Amino acid sequence: MHRTGELYGQYKTLEQQKETATLGMWVFLVTEILFFGGMFLTYAINRHEYPTAFGVGGNMLDLNLGFANTVVLIASSFTMAMSVWSAQTSNKKLVPIFLIFTLILGIVFLGVKVVEYKQKFDHHLIPGHGFDITYCSKQPAAVCGISEEDHAKEITEIKEGIEADGGLVALNAHAQLYFSLYFGMTGLHALHMIVGAGLLVWLILESRKGRFDANYNTPVENIGLYWHFVDIVWIFLFPLLYLINRHLA
Amino acid sequence: MSENGHQEHVVSPKLYATILAALLFGTWLTVQAAKIDLGRWNIVLALLIATIKMSLVILFFMHGKYSSRRTQLVIVSGFFWLAIMLGLTMTDYSTRKPEPSRSANPPAIAIHRA
Amino acid sequence: MSGTTTSSGGEYQLPREHYLNASYGIRSWLLTTDHKRIALLYLAAVTFFFFVGGIFATLIRIHLLTPNGLLVTPETYNKLFTMHGVAMVFFFLIPSIPAILGNFLIPIMIGAKDLAFPKINLLSWYVYIIGGCFVLYSFGTGGLDTGWTFYTPLSSVYSNSAVTPAVIGIFINGFSSILTGLNFVVTVHTMRAPGMTWFRLPLFVWSHYATSLIMILGTPVIAITVLLAGLERIFHFGFFNPAYGGDPILFQHLFWFYSHPAVYIMILPAMGVVSEIIPTFVRKPIFGYSFVAASSIGIAVIGFLVWAHHMFVTGEATYAAIAFSFLSYLVAIPSAVKVFNWTATLYKGSISYDTPMLYALGFIGLFTIGGLTGLFLACLGLDIHLHDTYFVIAHFHYIMVGGAVMGYVGGLHFWWPKITGRLYPEFLARAAAIILFIGFNLTFFPQFILGGLGMPRRYHNYPPEFQVLNVMSTAGASILALGYLLPMLYLTWSMRYGKIAGPNPWPATGLEWKTDSPPLTENFRETPEVDWEPYDFVHRPDLGLTGSKPKLPGKLSPAHGDD
Ligand SMILES: [Cu+2]
């Protein structure tokens, strides 16, 4: 079957078909804004209430990995935009190449995320019964795999945090709110990345058939919109989760 | 350009690269800004930088600048409703009396805070 | 222009081809992308959940016949009202009119062949079914006792009932609603026939457009909210859990950000139905078309600004409560615009009291009572007394059952000839409408009095002095049940044995009445062009409506089934 932008039955023109698909995608992204919005609201209220615990929790994330991941994701947005450009200018061979770059960067991002999650798991920072915000500060630095300098910082920070937050029990409880939000928000974001990666795989396979050109590129454009949206979510998650209290350290 | 008469704006790779550079600069900037103690302005600055980065992505990567009025309205209304949700909920939290029972182990100072 | 043939006696026959006989077999239904068939799939599923919710309601009313409770333990009673609420709100009221009548009619009303995204339309039905299965699984394995509101930390920490599958089901079901709303909005924007301008759209379409905005903007928030509660329950995360210092009231903010506007997801489509029925049986254009259209959008927008009126007796800040109380009053304005305009449409019209009209008139009265008692509850001081009493129960049942369900059943009657090509028995239908109206009022009016006297909701027992009113309510519920069973029986009967309706039995002026009954799979033989204004009963020679006579001659009066 020839599938280069054939006209589906319910539409009158190809133009109407494209317009409809694009509008549908944007409306879908609006629902995504509000979907993530509920989490951002939960974050805002809890952080407003417990700035100290959120600061302590935020400083336990690996800033270098977070920063690197932000760069990776922004770069993937650029390659995604370039694949749309390639399609629009009928550079049929470039389309899959840029898409593959995008996919690789997306996978790198997810890989780094796995490393970070593993680290949090080892440091007893998964909310629930085993959660212990002081775990690393009680161990020798080597156990948690952090430098002596960072370790010393963490010890002071936790000590100050306990004081400011009204005791160890309080700090430990409130830090669980922070890590619940950390895992909830980044987890939901990662889930969107996985869906996006799946869409990219399909898109790469299709684009290798030379389906997308100046006349027909709606799938590239719409999956691109989705990918950029997921990037935007991360643009907010990075400062909100990683950079709360970096000046303290 | 497309043949079907649909006005589709093609953004040049040069502009895309400029946006990329701006986004990377913004990322660097937000990390540097976080390392300076600005008190409550840290969060304001971080959100400001993030909002600018987001605007760049929407306007250029997502072609928001070249979209139809209708699409632009859809985008704006999404953020408008988000603002309603955040803003009206904040009216509650910002005007509440401090509640000692809220925290698991309330510090004595917090009760006198407001 | 229509394929319906008229035999010599003036009797109609069914068109030779239509969407129901276009193909046969179970696959042709389960894999269909025809919006009309998907509407019927929804009709079946939604009716099933109406039964489920109805059974719980029956058990509740039987239990409350005596002060100490007749039937079940207190724990089971908690489950009964919870499962009644969950089944009715999420699986009956919200999808009922949009997913059935809206799905069937919107493309036809705007002159399109289908919705913008037919496959997504089918997907939304499957999503609904999957969500429904999770919820039924929860009902069947221990039930659910949190109240339909799922307040934390009861739902996320303490409840011993099957909350997890229910939460997953509600989460999944949310996407069905989102996809339907998305489809409608895009369809109305891009699929209108030539000449179908925004201000020629039927008011049914306007109200569904407003409903879809709420589905798009609100439903994602309930999805994330129940997801967060689910994460608290499953993984012991903390978002709202006071044990971690979280704020349970934040859950309520998020929950009501959707669930207050969700009331308008239920009532706005019913308002659209009423706006179609009234001009048809008054034979006059609707009074103030643009105001009725704009008030739908007004209700949708203002409806998003009032949610915290559900939380006046929690730890919510007093200043915020004052603001939300004021904003809640504002919703009365667009709602009143509608009621006044419907009433003004009746003025000097030539009214015929056909079944759909009886439902529409019932709607106006019951919605007015429900709406006005809503103002009592929006009043900050009064709400302290009335909160969580039967007054609230009576209020929202007047809106949801008296309003939304009346609109739904009325709409089902009004478009039944279009959907099936056949008329229902008019006398039985009128009788059912009147039985429903009486049964409804007898069930719920006593609850206003009970609430005013202070009887709290969600209790399995009550002081003996409340028994008379409770018995009245239960008696009313039995009449109400009869009022629902009758239409189910005769509508089913009429699918096979009803009189053939013809393309436009009432007659009405919308585009849907210009095609066959039942319509073709493509809805129209050729794309229609619209060159008339909405609800014009005088300048429509294409429908045989001409001249300025308010009363129409015999042939054009409403067709009736087997009286
Ligand atoms: Cu409300």
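Lettering of chains follows the sequences in order, A, B, ..., and the numbering in each one begins at 1. Just so it is clear, the structure is predicted and the values come from calculations on it, not from any experiment.
- Looking at A/F238, the atoms closer than 4.5 Å to chain B (heavy atoms on both sides) all sit in the side chain, from C-beta outward.
- Contact of B/A17 with chain A is made through backbone and side chain together, with heavy-atom distances under 4.5 Å.
- The greatest number of non-hydrogen atom pairs below 4.5 Å with chain B, out of A/I244, A/L243, A/V30, is found for A/L243.
- Of the two parts of A/L171, neither the backbone nor the side chain holds a non-hydrogen atom closer than 4.5 Å to a non-hydrogen atom of chain B.
- Residue contact with chain B, scored on non-hydrogen atoms closer than 4.5 Å, involves the backbone and the side chain of A/S77 alike.
- Residues B/H9 and A/Q88 approach most closely at O-NE2, 3.6 Å, considering heavy atoms.
- Each of B/T30, B/T27, B/L47 was compared with A/P239 under the side chain to side chain contact (heavy atoms under 4.5 Å, CB included) criterion, and only B/T30 meets it.
- Note that CH2 of A/W26 is 10.5 Å distant from OG of B/S68, once rounded to the nearest 0.5 Å.
- Residues B/L24 and A/T70 form no side-chain contact, since every pair of their non-hydrogen atoms from C-beta on lies 4.5 Å or further apart.
- Put simply, of B/I49, B/I43, B/I58, the one with the most heavy-atom pairs under 4.5 Å next to chain A is B/I43.
- Side-chain contact check for B/M90 versus A/I45: some heavy-atom pair is nearer than 4.5 Å.
- Heavy-atom distances place the side chain of A/E221, and not its backbone, under 4.5 Å from chain B.
- Contacts between B/L23 and chain A at a heavy-atom distance below 4.5 Å involve backbone atoms as well as side-chain atoms.
- Between B/R70 and A/E19 there is a salt bridge, since at least one side-chain N of the basic residue sits less than 4.0 Å from a carboxylate O of the acidic one.
- Side-chain contact between A/R246 and B/N42 is absent, with no heavy-atom pair separated by less than 4.5 Å.
- Looking only at side-chain heavy atoms (C-beta outward), A/F236 and B/T51 come within less than 4.5 Å of each other.
- Both the backbone and the side chain of A/I235 come within less than 4.5 Å of a heavy atom of chain B.
- Side-chain contact check for A/W85 versus B/V11: every heavy-atom pair is 4.5 Å or farther apart.
- Note that the CZ atom of B/F61 and the CZ atom of A/F78 stand 6.5 Å from one another [nearest 0.5 Å].
- When side chains are defined from C-beta on, A/I74 counts as touching B/K53, because their heavy atoms get closer than 4.5 Å.
- Among A/D231, A/I33, A/T31, the residue with the largest count of heavy-atom pairs under 4.5 Å with chain B is A/I33.
- Residue contact with chain B, scored on non-hydrogen atoms closer than 4.5 Å, involves the side chain of A/L23 exclusively.
- A/M82 places a side-chain heavy atom less than 4.5 Å from the side chain of B/Y16.
- Pairing each heavy atom of A/L225 with each of B/M62, the nearest pair is O-CE, 3.3 Å.
- Neither the backbone nor the side chain of A/T13 has a heavy atom closer than 4.5 Å to any heavy atom of chain B.
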